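One structure below.
Since the model is a prediction, treat every value here as computed from it, not as a measurement. One is the number of the first residue; the rest follow in order along the sequence. Just so you know, these numbers use all the heavy atoms, side chains as well, and skip hydrogens, waters and symmetry mates. First listed ligand is number 1; within each ligand, the first listed atom is number 1.
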Amino acid sequence: MQTEKIPYKIYLEESEMPTAWYNLRADMEKKPAPLLNPETLKPMTAEELSPVFCDELIKQELDEDTAYFEIPEEIRSFYRMYRPAPLVRAYCLEEKLGTPAKIYYKFEGNNTSGSHKLNSAIAQAYYAKKQGLTGVTTETGAGQWGTALSMACSYFDLDCKVYMVKCSYEQKPFRREVMRTYGATVTPSPSMETAVGRKILAEHPDTTGSLGCAISEAVEKATSLEGYRYVLGSVLNQVMLHQTVIGIETKTALDKYGIKPDMIIGCAGGGSNLGGLIAPFMGKKLRGEADYQIIAVEPCSCPSLTRGVYAYDYCDTGMICPLAKMYTLGSGYIPSPSHSGGLRYHGMNPILSELYAQGLMEARSVEQTKVFESAQFFARVEGTLPAPESAHAIHVAIEEALKCKETGEEKTILFGLTGTGYFDMLSYGKFNDGVMGDYMPTDEELAEAQKTLPKVE
Ligand SMILES: *Cc1c(COP(=O)(O)O)cnc(C)c1O
């Protein structure tokens, strides 16, 4: 029983911060399917991955047995500059909703890059530096990953080339300038700099770009330049591994007060923040030590878990990355440009996909106008301006808290507030002007995109 009043913010001492990342696969009886080589359709070996990815990160990607990876001291000292991220008891929100539910959120937007992505960016930059590389290339959609990576690269004195989805490049000049301030080169994608970019532009001259296409350009650049590797801010298992600092910190903080969440909610783009938040809890669930209701929230316009298929697919539009078995809409799926709420990726992390296939977590999809209504409500009540991505989780947390109000259940709800909305004011502007629409792909559109799936026996 809780006797002490829970503070608004539960902080951790430096000595209580995580010293290792947790690899959820170690506790999975049925492991996620292996990455496949798109040419041979055989499991990808470390050797085959090494022209594209950093060696240490490949080890983390392929390792499904080691439960804990020690966080190197250099990374821990960087983490100490902006972590622990606050775990907030949303007393004001609870009161405003009149719910008996107890609501907690973990806020990852307190660093300059504005989101959880820095947790993995700093790890990836560290391993690239340790390998003696000159630089890294990457893609960025909304800009958070590129920003995080530029910060991490400047810290370790690495060159950083960012391919930014064209519509974001145009819509988010401030993101672009933050990256350039940290020393990164930013190119709108598709670009004429790469063969894949030129091909896509020849076929679709008016395209506003997509994450998958930007990934292809970044991979091509990394493999054609000496001393460069490609790094990715979501989807991959290594990224989810680094993001487990979110969940481990959260669990340590909750444990201090004997709090057990009944429900854990996170927004899902490629799945890294959700996977990182739920990891230690899911671990307990897999080991049969506790049960939690876990909900992934995705946009209606890019519904990979709720309307996708569980199949091998390319991680990128250029079809050069390995094949991953995941819930996917097809790598050729490009969400409508009217969708401004982030989470645009066509697939979902393979670990989360397998957990979802096993029925260990749920998924819901929500319309962006509803998401922005909840974002605005949350900003007014809790003070923090959320990223639209994060507001997907807020929306479902509010829905669930309102259900508790009807049933009188005192559930404990935990959700991930992944970032700040400061860089999303154009989208907020559309919402405030009442010109934001909702977009839901038809079954025919989804079927069309599924035709881009590779044939894997
Ligand atoms: C990138 C991003 C997401 C989605 O990515 P995941 O890998 O699914 O976590 C969510 N929220 C914010 C603020 C982001 O920047």
*Could you please spell out the steps behind the side-chain hydrogen bond (donor to acceptor under 3.5 Å, both in side chains) verdict for Glu217 and Ser191?*
CA-CA 8 Å; Glu217 290 205 86; Ser191 77; 2.6 Å; yes

_Pair Tyr8 and Tyr91, ring centroids less than 6.0 Å apart_ =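 Yes - the distance between ring centres of Tyr8 and Tyr91 falls below the 6.0 Å cut-off.
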
*Would Phe156 and Phe78 count as a close aromatic pair, with their ring centres under 6.0 Å?*
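Distance test on ring centres: not under 6.0 Å, no.
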
*Is it the case that Lys260 places NZ or CZ above or below the six-membered ring of Tyr292, under 6.0 angstrom from the centre and within 45 degrees of the axis?*
yes

*Can you tell me which residues line ligand 1 if we count any heavy atom under 4.0 angstrom from one of its atoms, in chain and number order?*
Ser115, His116, Lys117, Gln144, Ser234, Cys267, Ala268, Gly269, Gly270, Gly271, Ser272, Asn273, Leu343, Ala387, Glu389, Thr418, Gly419

*Per the side-chain contact (heavy atoms from CB on, under 4.5 Å) rule, which among Thr223, Thr137, Leu133 passes with Arg229?*
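Single pass found, and it is Leu133.
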
*For the residue pair Tyr105 and Phe378, does the interplanar ring angle fall in the parallel (under 30°), tilted (30 to 60°) or perpendicular (over 60°) class?*
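Geometry flag for Phe378 against Tyr105: perpendicular rings.
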
